Visitor: 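Would you mind keeping the following structure in view while I ask a few things?
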Amino acid sequence: MKNILVLNGPNLNLLGEREPETYGTMTLAQLNAKLAVYARKKGAALRARQSNHEGELIDILHAHRKWAAGIVFNPGAYSHYSYALRDAVASISVPTIEVHLSNIKKREPFRRTSVIEPACVGQLYGKGSASYFTAIDMLLKRKAK
Ligand code: DQA
């Protein structure tokens, strides 16, 4: 069975109430529950984690480096400037897909660049929660190394 880690960064704990016009009305707990059902149907096990803290996100990535066959990662605003998170993704050899609910390419200029993307095997954005499901599909389709 493939293990998938879904990791969400800062402020994503407030999904559902945070800027719903941009991020939608689904809570993180609701999203995680749907993702777990989806992964299970595809024969995968899913763990969902969230932290508002850069160092804790790094610790979670490290702690899952042997467990996870793939990682779906929404680093939130850290995407745009955290070299430490980029290095953490590069340090663990687990294929990681960066996801964003909103279309980061069509928002404020500071959001258009992700420093984490080069360490990832893919990046999905602008499709709301669908990006998380697509990322799971992409990870499960990858051949195990
Ligand atoms: C986000 C986009 C980021 O720019 C922002 O800081 C977030 C959410 C998204 O999912 O669209 O916190 O990662």
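Quick caveat, the model's predicted, so the values are computed rather than measured. Both counts, for ligands and for their atoms, begin at 1 and track the order of listing.
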Visitor: Show which atoms of ligand 1 fall inside a sub-4.0 Å distance from at least one heavy-atom site of His80.
Guide: 3 (C), 4 (O)
Visitor: Determine whether a donor-acceptor pair (N or O, by modelled atom type, separation under 3.5 Å) exists between the side chain of Lys2 and the backbone of Leu139.
Guide: yes
Visitor: Among the heavy atoms of Asn74, does any lie under 4.0 Å from an atom of ligand 1?
Guide: yes
Visitor: Please find the pair of heavy atoms, one from His80 and one from Arg111, that lie closest to each other, and give the distance.
Guide: CE1-O, 3.1 Å
Visitor: For atom 9 (C) of ligand 1, grab the closest protein heavy atom and report residue, atom and distance to one decimal in Å.
Guide: Leu101 N, 3.4 Å
Visitor: Which of the numbered atoms in ligand 1 are under 4.0 angstrom from any heavy atom belonging to Ser102?
Guide: 2 (C), 9 (C), 11 (O)
Visitor: For atom 5 (C) of ligand 1, what is the closest protein heavy atom, and at what distance to 0.1 Å?
Guide: Arg111 NH1, 3.2 Å
Visitor: Any non-hydrogen atom of Tyr23 lying under 4.0 Å from ligand 1?
Guide: yes
Visitor: Any N or O of Arg107 that comes nearer than 3.5 Å to an N or O of ligand 1?
Guide: no
Visitor: If I compare all heavy atoms of Leu46 with all of Trp67, which pair ends up nearest, and what's the gap?
Guide: C-CH2, 4.3 Å
Visitor: Testing the basics here: between Leu15 and Leu28, what is the closest heavy-atom pair and its distance to 0.1 Å?
Guide: CB-N, 3.8 Å
Visitor: Is there at least one pair of N or O atoms, one from Ser79 and one from ligand 1, spaced under 3.5 Å apart?
Guide: no
Visitor: Quick check: closest heavy atoms across Asn52 and Pro10, and the distance to 0.1 Å?
Guide: OD1-CA, 3.3 Å
Visitor: Could you tell me which non-hydrogen atom of Lys42 sits nearest to which non-hydrogen atom of Leu140, and how far apart they are?
Guide: CB-CD1, 3.7 Å
Visitor: Taking distance alone, with no angle check, do Leu12 and ligand 1 share an N/O pair under 3.5 Å?
Guide: no
Visitor: Search all heavy atoms of Val94 against all heavy atoms of Arg65 and return the closest pair with its distance.
Guide: CG2-O, 3.4 Å
Visitor: Using modelled atom types only, decide if a donor and an acceptor are shared between the side chain of Arg112 and the backbone of Ile104 within a distance under 3.5 Å.
Guide: no
Visitor: Please determine whether any non-hydrogen atom of Arg18 lies less than 4.0 Å from an atom of ligand 1.
Guide: yes
Visitor: Can you find an N or O of Val99 that's nearer than 3.5 Å to an N or O of ligand 1?
Guide: no
Visitor: Would you mind checking which non-hydrogen protein atom is closest to atom 1 (C) of ligand 1, with the distance to 0.1 Å?
Guide: His100 ND1, 3.6 Å
